[in-house]
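Below, read A as the first sequence line, B as the second, and so on, with proteins coming before strands; counting in each chain starts at 1.
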There are 2 protein chains.
Amino acid sequence: MEISKSELKVLNALWQSYPCSASEIVDRLDNQLEWHEKTVKTLLGRLVKKQAISFQKDGRRYLYSPLIEQKDFQQTESKHFLDRIFGGRVSPLIASFANQEKLKQEDIDQLKKIISDWEKDND
Amino acid sequence: MEISKSELKVLNALWQSYPCSASEIVDRLDNQLEWHEKTVKTLLGRLVKKQAISFQKDGRRYLYSPLIEQKDFQQTESKHFLDRIFGGRVSPLIASFANQEKLKQEDIDQLKKIISDWEKDND
DNA sequence: ACAGTTCGATTACAAATGTAATCGATTGAC
DNA sequence: GTCAATCGATTACATTTGTAATCGAACTGT
């Protein structure tokens with residue numbers, strides 16, 4: 001099932017480290033946004049129902065853990081994003097970051113590596 | 001305002017060429033998905049209300065045109081996507097594509113150009 | 001000139017989403 | 001031992017989204 005934007009913020013906080021209690025998640029999010037504790041708990045519940053996370057009991061509270069891996073999630077989302085916004089083409093996406101001057105040396109190095117790997121496989 | 005996924009499909013079809021009538025949009029989309037004509041028209045109406053597109057009258061029908069440019073849209077969406085999914089960092093995103101065999105020769109060529117442009121600007 | 005089609009406008013309606021509040025059980029502080 | 005704080009569960013409720021159907025005006029084919 002689809003993870004909503006709000007849910008994703010919670011999931012991102014959980015990926016930082018887990019297992020993790022609800023109130024700890026609330027604390028992690030407090031730095032970034034002003035959400036009521038109740039809201040965060042609702043979102044945790046929805047993530048459980050969507051089987052994106054699970055929990056084990058620790059006394060009367062729950063300790064949550066992700067059920068989906070961040071890398072897998074990023075990969076699927078990237079593919080869908082690329083299809084929706086760029087018609088599935090990678091290079092316009094990168095070009096768009098280039099325009100925004102968001103590319104750092106690190107990114108360029110990584111691109112070079114990707115290119116050379118690709119060329120190794122395709123000739 | 002936020003453009004929804006369905007609305008974006010319509011907007012993508014409109015970006016192909018415009019001004020463009022509703023029924024022409026319906027035709028363009030027919031190749032990709034099975035939407036009722038009514039659905040497409042609803043979405044056009046919502047895009048107008050969101051000020052993403054506009055129209056001029058041509059007899060009793062409307063000819064639509066985008067109000068936002070595709071490149072601008074792609075750029076903002078890319079940035080938001082990066083923030084949401086990758087915490088704003090480009091290189092993990094790029095790495096994620098390396099795995100997916102989404103790169104074509106043309107992408108590689110363009111990536112090389114992006115790199116050399118970048119290096120021209122940064123040394 | 002009348003019937004069927006086609007236009008845009010308006011209305012429909014269930015599911016998802018954002019953002020909580022309430023409720024009953026439990027626990028911790030005094 | 002009692003009262004307040006806290007836990008998860010359940011309920012709330014407006015807005016957005018997906019996906020149309022209906023309605024009245026206009027046009028088209030015959």
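Using bins of under 30°, 30° to 60° and over 60° for the plane-to-plane angle, the ring pair B:F81/A:F81 lands in the parallel bin.
Side-chain N or O atoms of B:T39 include none that pairs as donor or acceptor with a backbone N or O of B:W35 at under 3.5 Å. A distance-only check finds a donor-acceptor pair linking the side chain of B:K50 to the backbone of B:E2 [under 3.5 Å].
Bracketed by its first and final contacts, the part of DNA chain C lying under 4.0 Å from non-hydrogen atoms of chain A reaches from C:dT17 to C:dT27 in 5' to 3' order.
Side-chain atoms of A:Y64 and A:V48, non-hydrogen and from C-beta on, do get closer than 4.5 Å to each other. A:K9 places none of its side-chain heavy atoms less than 4.5 Å from the side chain of B:R84. Side-chain contact between A:I108 and B:E119 is present, with at least one heavy-atom pair separated by less than 4.5 Å.
Mapping B:E37 and B:T42 onto DNA chain C via the closest heavy atom, the residue that lands nearer the 5' end is B:E37.
If you check every strand for non-hydrogen atoms under 4.0 Å, A:T39 touches a base. Nucleic acid contact class of B:K50 (heavy atoms, under 4.0 Å, all strands): sugar-phosphate only. Among the atoms of the strands shown, none is found under 4.0 Å from any heavy atom of B:L44.
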Sugar-phosphate or base contact per nucleotide [nucleotides 23-30 of chain D; S, B, -; heavy atom under 4.0 Å] | --BBS---
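Enclosure of atom CD in B:Q105 by more than 12 non-hydrogen atoms of other residues, nucleotides or ligands within 6.0 angstrom is indicated.
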